[in-house]
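Since this is a predicted model, take the numbers as computed values, not measurements. Each chain gets a letter, A, B and so on, in the order its sequence line appears, and its residues count up from 1.
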There are 2 protein chains.
Amino acid sequence: MKQKNIIIFVKKIFMTISEENYLKVIYHLSNLSPKGVNTNAIAGMLDTKASSVTDMLKKLSDKELVDYQKYQGVFLTEKGKLHAKMIVRNHRLWEVFLVEKLGFAWDEVHEVAEELEHVRSEKLINQLDKFLNFPSFDPHGDPIPNAKGEIPTIAKQLLSEIEAGESITCVGVKDTSVDFLKYLNKQQISLGTKIKILEKESFDGTIKIEINSNVIVISDKIANNLYVK
Amino acid sequence: MKQKNIIIFVKKIFMTISEENYLKVIYHLSNLSPKGVNTNAIAGMLDTKASSVTDMLKKLSDKELVDYQKYQGVFLTEKGKLHAKMIVRNHRLWEVFLVEKLGFAWDEVHEVAEELEHVRSEKLINQLDKFLNFPSFDPHGDPIPNAKGEIPTIAKQLLSEIEAGESITCVGVKDTSVDFLKYLNKQQISLGTKIKILEKESFDGTIKIEINSNVIVISDKIANNLYVK
DNA sequence: TTAAATTTTTAGACAAAACTAAAAAATAAA
DNA sequence: TTTATTTTTTAGTTTTGTCTAAAAATTTAA
C-alpha cells in the first residue's frame, strides 16, 4: 500500500498525562490488533478498569484523537497516531540518555522514562535528540521516531535468525523480564556485546557462540529473545 | 547557635506535583518572611486563590510537612524543608543540564525545569549531578543543594569591595535595620537585582552604579552593608 | 476603642479520573 | 436457536485540587 504525503496541521492540544498514557497504549496495541483495540486490553495494560477506559475513550474521541464507536473497538486517528509517536519518541530518547549518559542499566530505564516522556517541550526533545547524535534505536533495540514522526525501518534481527559463521552485535531484547536480563548479565551479554555464531544445532535449536573469547552454548529460547544487528 | 547533627529518617512519602509546588513556594517565601509565610503570598506565587491555599496547607500539615495554625501563617517542618530542598536541587540541576548540555539560553530554562523537577527518581538526579560534575551553582548563580540537602555558601562580597566596571548581583544585606531596607526599597534594590559599578570616588567612597538602566550614586555606608556576588 | 479594611477560613460546588455495581451488547457454547 | 459467558457500557460515587461566595478573624485607621 502506498503512503500518501499528508501534511497535518496539528493544533497544539493540551493533553493530560493520563490521556497521553492511553494514547500510547492504544498505539502499541494497534500494531498487534489492527482491527480495533478492545477495551479490556487497554485496561489490562494500564492496570485500570474497563469502565474507566470507556470514559477516557469518549474523551479522546471528542478531541478527535481516536475513532471510537461503542462495542466496536478503537482506532487512532492520524492526529492521535502522531501524538502517540511523539510520546514514544520522547520515551525512547530519554532511555538512550539514561543508558549512554547517566550510566543506567537497560533494565532500570523504563520506569524513569515513563515520567520523563511527559515533559512538554519540543525544544527540549529536539535538542536532546541532537545531543545524543540522532539515535535511530533505543537501548532495547526499538526504533525512535524522528521529529516528523517517521520511524526508521527495523534493522534488528533475532539471534536465532543469524547463520553460523557470522559476527553480530547485541542491540536489544524481546523478553524484558528481570529473570532474562539477569541471565544475560550472568553470561556477560549486554548492549553492544559482540557475538560470533560458531555452530547451530538444528536438532534442538541450541547455538554455540563466542563472547569475549569465551565459548558458551545458549538455548533456542535465549536466541529467540535477543535482538542483534 | 550551633547546629546539632540530626539524622532524619524520611519515610518516602508520595507527593503530588501540586503538593511539591506548594512546598517549594513556601520554602522560597520562608527566606524572606521568617516569621511565617502568609496565605495570600502563596496564592500570589502559585496563581491560585487563598481558599485553595488553605485547603492545601491542611493537607500538608496532616503529612507533617508544615507547621500550620490557622490565621497564623505557615512554617516548614524539618521534613518539609528537606523535601523542598530536594525539589530545588532537581530544578537547578536540570537548569544546568539544559544550558550546558542542550544549549538553552539562561532565560529559557525555567519553564522546562519546572516540569523536570517533579520526575521522581533519586538515582536519576544523583547520576545527573555526577554527569554535570557536581555543580554548586545554577545558571542564575543560585546555589544547588547537594544530595544531603546542604547548600553551598555563597561567595558573597561587600559592594564596596568590587572594582569599577564589574557587574554583580545583590545577594544579601549586612545591616538588617528597617531604615536600611526601606532605603534599598526606595532605590529599587532587592535580592537578585543586577548592579553595574560605573565609577568609584576614592575621596569620599561614594560609588556611581547602574540599576535597571538608572544611574544613581550611593554612599560608602550603603556599599559597606550590601552583599553582592 | 470602635469602625473599616484586609486577610483568612469555611461551606458548598465542580471537573478530571478513577472506582463499584448493575445493565446491555456481543460472542461462544449447548 | 436459545442459553451461557464474556465484554463493554451506563449510572452513580469518590478523591484531588480547584473555584465562588459568605463568614470569621486579624490588622489598620479613625
Would you mind reading off the distance between [X] atom [atom1] and [N] atom [atom2], rounded to a whole angstrom?
X       : N      : atom1 : atom2 : answer
B:Lys70 : D:dA25 : NZ    : P     : 7 Å
B:Asn40 : D:dT28 : CG    : P     : 14 Å
B:Tyr71 : D:dA23 : OH    : P     : 13 Å

Look at the side chain of B:Ser51 against the base of D:dT20 and say whether a donor-acceptor pair falls under 3.5 Å; ignore hydrogens and angles.
->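 Flag set: donor-acceptor pair detected.
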Is the number of heavy atoms from other residues, nucleotides or ligands within 6.0 Å of CD (B:Glu210) greater than 12?
->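 Buried by this count: over 12 neighbours within 6.0 Å.
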Give a yes or no on this: more than 12 heavy atoms of other residues, nucleotides or ligands lie within 6.0 Å of atom NZ of B:Lys196.
->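 Counting neighbours around NZ of B:Lys196, 12 or fewer heavy atoms of other residues, nucleotides or ligands fall under 6.0 Å, so no.
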Under the side chain to side chain contact (heavy atoms under 4.5 Å, CB included) rule, collect the residues that match up with A:Met15, sequence neighbours excluded.
->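 A:Met15 satisfies side chain to side chain contact (heavy atoms under 4.5 Å, CB included) with A:Ile13, A:Glu19, A:Glu20, A:Leu23, A:Leu65, A:His83 only.
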For D:dT16, does OP1 or OP2 lie under 4.0 Å from any side-chain N or O of B:Ser18?
->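 For D:dT16, neither OP1 nor OP2 has a side-chain N or O of B:Ser18 closer than 4.0 Å.
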Hey, is the side chain of B:Lys49 poking within less than 4.0 Å of OP1 or OP2 on D:dT20, counting only N and O atoms?
->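 Answer yes for this pair, as a side-chain N or O of B:Lys49 is under 4.0 Å from OP1 or OP2.
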Could you go step by step and tell me if B:Thr193 and B:Ile211 meet the side-chain contact (heavy atoms from CB on, under 4.5 Å) rule?
-> CA-CA 8 Å; B:Thr193 299; B:Ile211 302 170; 3.6 Å; yes
Just call it for A:Asp55: base, sugar-phosphate, or nothing, with non-hydrogen atoms closer than 4.0 Å on any strand.
->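 Base contact.
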Under 4.0 Å between any heavy atoms, over every strand shown, what does B:Ser52 touch: base, sugar-phosphate, or nothing? Just pick one.
->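 Base contact.
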Residue of the set B:Ile26, B:Thr54, B:Asp62, B:Leu60 for which side chain to side chain contact (heavy atoms under 4.5 Å, CB included) holds with B:Tyr68 =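 With B:Tyr68 as partner, B:Ile26, B:Thr54, B:Asp62, B:Leu60 yield a single side chain to side chain contact (heavy atoms under 4.5 Å, CB included), made by B:Thr54.
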Which is the 5'-most and which the 3'-most nucleotide of DNA chain C that has an atom under 4.0 Å from a heavy atom of chain A?
->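 Terminal contacting nucleotides, 5' to 3': C:dA16 to C:dA26.
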For the pair A:Arg89 and A:Glu150, find out whether any cationic side-chain nitrogen is under 4.0 Å from an anionic carboxylate oxygen.
->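 Not counted as a salt bridge, because no side-chain N and carboxylate O are separated by less than 4.0 Å.
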